Amino acid sequence: MPLLSYSEYRPDVADYESPYSSFLNNVLPRGDGYGPVKDFGAYSSALAAQCRGFFKALKTDGSVSIFAATSTKLYNLNNATLAWTDVSLGSGTYSALPSTDNWQFVQFNNFVLATQVNAVVQVFDLTSSTNFANLAGSPPQARYISIINRFVVLSGLLSSPYRVQWSGLNDVTNWTSGVNSSDFQDLADGGIVRGVGGGEFGNIYQDTTVRRMTFMPGSAAVFQIQRVAEDVGMYSAGSLIKAGGRQFFYSTAGFQMIDAGGQLSPIGKERVDRTFLADLDVGNLQLFMGASDPRSSRVYWAYKSVSGSISLFDKILWYDWALDRWGPITISGEFLGSLGRPGMTLEGLDAISSSIDALIPSLDSFALAGTPELAMFNSSHVLGFFSGQNLEAKIDTPEHSRQSIEQRPGGIFIRGFRPITDALGTAGTILYRTKQSDTPTFSSEKTSDTNGNINIRRDTRFVRARTRIPAGTTWTFLKGIEPDVVGSGGHP
């Protein structure tokens, strides 16, 4: 029998004669199929409360400083003890975040800036500060912050929601309009500003419009602001991701990608958009957040589903822009982002342990210090990375008939299938039905025999094969299945 490959995930399209899979979980794409997803691995001690934002800053010596926020506090991670130090303004508390918001951070030279709409923009000097302070220059209170060229840009302003405002050129403390290129722009149409994607160029995301900001040195206007998309706006501010010279976001028309040239592409259309929107808890968009994995060509969106627990996301949807493929992950947490692990001097190791063998994390992880990777806070407010054991993986083939497998009409008799994988101890089941209007029925699950075969017998017309690889199994690839089938009734 021919190999039936595990194919692209497209749950939005019908199963009939589709070359796509409508179900997979906890796998990542490879050029030859799929690979495993690792579970959460704890790294830090616990924050005092639910994480509402975190950030990695790079110091001039190349070391990493990690910041995290709760609703009313800002913290810095002690790289030696992995405990959190309160670095809030005066070690006090801030006005609480709105329930639908999160803190946002950026780094500008040696300054870490943090903002939320109910507080003055905060600043932390990486060379000298022990606590955050109010940013000088009277910047407006804002929900969102980004860096475009050499300007700090604020949006989601408390007093002017249709406005974007920027600092002086290379001066985070200058917010006087007309001085050193600091200025603002009110946007007459397109709705409220939901965020600004930074970089050498900027993209302004409104309710129904996307505009591009381009710095024009020497011009009195400072920035040229042009509309690049109409009737496509930002649905959720937390969905904005920058990665690989691209920006990704979830719009009123589904998932979108903007390339470096400003070209907009609907990457989720007729693939995942309908399925995702039906599953998204639209009343908890503060838990809908995007992050990139700088070690790969993938971006991730965590979100709370309609069946998820309060205050936690319970699913992640990934997109690989190099392979142009999608997939879901089932895992729960408070906040998703990308971080580099802090480095450590040999002298600093004494503060953790007198034994090299007893170090947690191990010395192997310090070789990766500073290199960004995907990270999250779990339900216990603990920061960690995706460094645990492999999660349980499940994946379906597309739905097949005898016609699609053998190019012959009639029913099909299943005698089993063999997953093509380097995993040991796989299990499998089939989903079968007689006509397209039927709900597929699951067979009993069977484990693979000594030859790797999963022996299941069923006479039917339409069938899918599901492979399950148990959690904790060591494996690297899952390519497809070799089916064992004959004509209906057991006849060739």
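Because the structure is a prediction, the values reported are computed rather than measured.
Ring centers of F132 and W103: at least 6.0 Å apart, outside the cut-off. Aromatic rings from Y300 and W318 are positioned such that their centres are separated by 6.0 Å or more.
Cation-pi check for R30 over F477 is not met; the charged atom does not lie both under 6.0 angstrom from the ring centroid and within 45 degrees of its normal. Judged by the 6.0 Å and 45° rule, R271 forms no cation-pi pair with Y20.
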*Is there a ring-ring contact (aromatic ring centres under 6.0 Å, His included) between F67 and F124 once you walk through the steps?*
CA-CA 10 Å; F67 296 87; F124 189 98; 5.1 Å; yes
*Test side-chain hydrogen bond (donor to acceptor under 3.5 Å, both in side chains) on D438 and Q436 and set out the steps.*
CA-CA 5 Å; D438 293 340; Q436 287 294 304; over 6 Å; no
*asked:* For a side-chain hydrogen bond (donor to acceptor under 3.5 Å, both in side chains) check, start with the C-alpha distance between T275 and D12, then their side-chain angles and the critical distance, and finish with the verdict.
replied: CA-CA 6 Å; T275 301; D12 282 3; 2.6 Å; yes
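A salt bridge does not link E270 to R10: none of the charged nitrogens lies less than 4.0 Å from a carboxylate oxygen.
Just one of F249, F335, F276 meets the ring-ring contact (aromatic ring centres under 6.0 Å, His included) condition when paired with F288; it is F276. Considering F385, F54, F386 in turn, F385 is the only one that fulfils the ring-ring contact (aromatic ring centres under 6.0 Å, His included) rule with Y43.
Considering all non-hydrogen atoms of both residues, D281 and K304 come closest at OD2-NZ, 2.7 Å. Minimum interatomic distance between V382 and A42 (heavy atoms only, all atoms of both residues): CG1-CB, 3.9 Å.
Atom NZ of K315 is separated from atom CG of N25 by 8.0 Å, given to the nearest 0.5 angstrom. For the atom pair I258 CD1 and Q247 CD, the distance stands at 6.5 Å (nearest 0.5 Å). Atom CD1 of I469 and atom NZ of K394 lie 12.5 Å apart (nearest 0.5 Å).
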Hey, can you pull the donor-acceptor pairs under 3.5 Å for the side chains in residues 233-243, sequence neighbours left out?
unit_1	atom_1	unit_2	atom_2	d
S239	OG	S236	O	2.7
S239	OG	Y250	N	3.0

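Counted within 6.0 Å of CD on E445, heavy atoms from surrounding residues, nucleotides or ligands total more than 12; the atom is thus considered enclosed.
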